[in-house]
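One structure is given here, and the rest of the page talks about it.
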Amino acid sequence: MLITAGPTHEPIDAVRFVGNRSSGRLGVALADEAARRGWAVTLLLGPVSVAPIDPRVRTERFRTCTDLQALLARHTPGMSVLIMAAAVADYRPKVDPQFFGGKFRRLSTNLTLELEPTPDLLAEVSARSTPGQYLVGFALEPREELLASARAKLERKGVDLVIANPLETMDSPAIEAIALGRDGTETRTGGAIPKAEFAGWLMALIESRAGRA
Ligand code: CTP
């Protein structure tokens, strides 16, 4: 089982980045729970301070979307389940090569940062996935658009299961989720539950659909 967790940090220069508030806690809890259930787990973990407790989890670190793309290319061929819990940046700064190894100096004028879109890593994995590989994505959405937008992501990214959760989930110790299956099924946590408890809930759901370790 391959699990990704945490934010990406997209460099502006050698010392600054554009990032997000993802804590990585959910993906780490999923990795610990999967190892406990007997899965061989590889966790691709972003720049966060949390780490798995279970020594059986193999952890590899990434910082940028490009790092994660390379790790996914290496690890996806042999996996049976992917849980893409990482909060991958949608845009990254177009870094001026002049500042790659250095530091942008303070100016007294306004500064405009140009951003370019990043590749959709989950859609890339799904495009090259093989039969039998089970793909799970997350959809972080404003409450009003939760279901419609998550269903659209299920199709657009070509995954088997999308976990829809409201924006407040990011950086919070609890999660309220609806799992939308490619087969039209809809399974709810029924209110917000701690992330460690959610990990057990999601693993049981995945095992009932994709099979056990
Ligand atoms: N994702 C990804 N590559 C990206 C952005 C997101 O693989 N460049 C993955 C996330 O890990 C998550 C899923 O896609 O599993 C949905 O992420 P989300 O941020 O909710 O959706 P976006 O694709 O960014 O779409 P939108 O901006 O419309 O919300």
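Read the numbers this way: they start at 1 and go in the same order the structure lists the ligands and their atoms.
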task: Can you establish whether the number of heavy atoms outside Leu113 located under 6.0 Å from its atom CG is more than 12?
output: yes

- request: Determine, for Lys94 against Glu10, whether the closest basic-nitrogen to carboxylate-oxygen distance falls under 4.0 angstrom.
  value: no

message: Given 3.5 Å as the limit, does a donor-acceptor pair link the side chain of Asn165 with the main chain of Leu140, or not?
response: no

Write 'none' if nothing qualifies; otherwise put on separate lines each N/O atom of ligand 1 with a protein N/O atom under 3.5 Å away and their distance to 0.1 Å.
unit_1   : atom_1 : unit_2 : atom_2 : d
ligand 1 : 3 (N)  : Leu121 : N      : 3.0
ligand 1 : 7 (O)  : Leu121 : N      : 3.4
ligand 1 : 7 (O)  : Leu122 : N      : 2.8
ligand 1 : 8 (N)  : Ala89  : O      : 3.4
ligand 1 : 8 (N)  : Thr118 : OG1    : 3.3
ligand 1 : 8 (N)  : Pro119 : O      : 2.9
ligand 1 : 11 (O) : Met84  : O      : 3.4
ligand 1 : 11 (O) : Ala86  : O      : 2.7
ligand 1 : 14 (O) : Lys157 : NZ     : 2.8
ligand 1 : 15 (O) : Met84  : O      : 2.8
ligand 1 : 15 (O) : Phe138 : N      : 3.0
ligand 1 : 20 (O) : Leu140 : N      : 3.3
ligand 1 : 20 (O) : Lys153 : NZ     : 2.7
ligand 1 : 21 (O) : Lys153 : NZ     : 3.0
ligand 1 : 23 (O) : Lys157 : NZ     : 2.6
ligand 1 : 24 (O) : Asp90  : OD1    : 2.9
ligand 1 : 24 (O) : Asp90  : OD2    : 2.9
ligand 1 : 25 (O) : Arg156 : NH2    : 3.4
ligand 1 : 27 (O) : Asp90  : OD2    : 3.3
ligand 1 : 29 (O) : Lys153 : NZ     : 2.8

- prompt: Is the closest side-chain donor-acceptor distance between Glu141 and Ser149 under 3.5 Å?
  reply: yes

query: So, Glu145 side chain and Pro142 main chain: donor-acceptor pair closer than 3.5 Å or not?
result: no

- prompt: So with a 6.0 Å cut-off around CZ of Arg37, is the heavy-atom count from everything else above 12?
  reply: yes

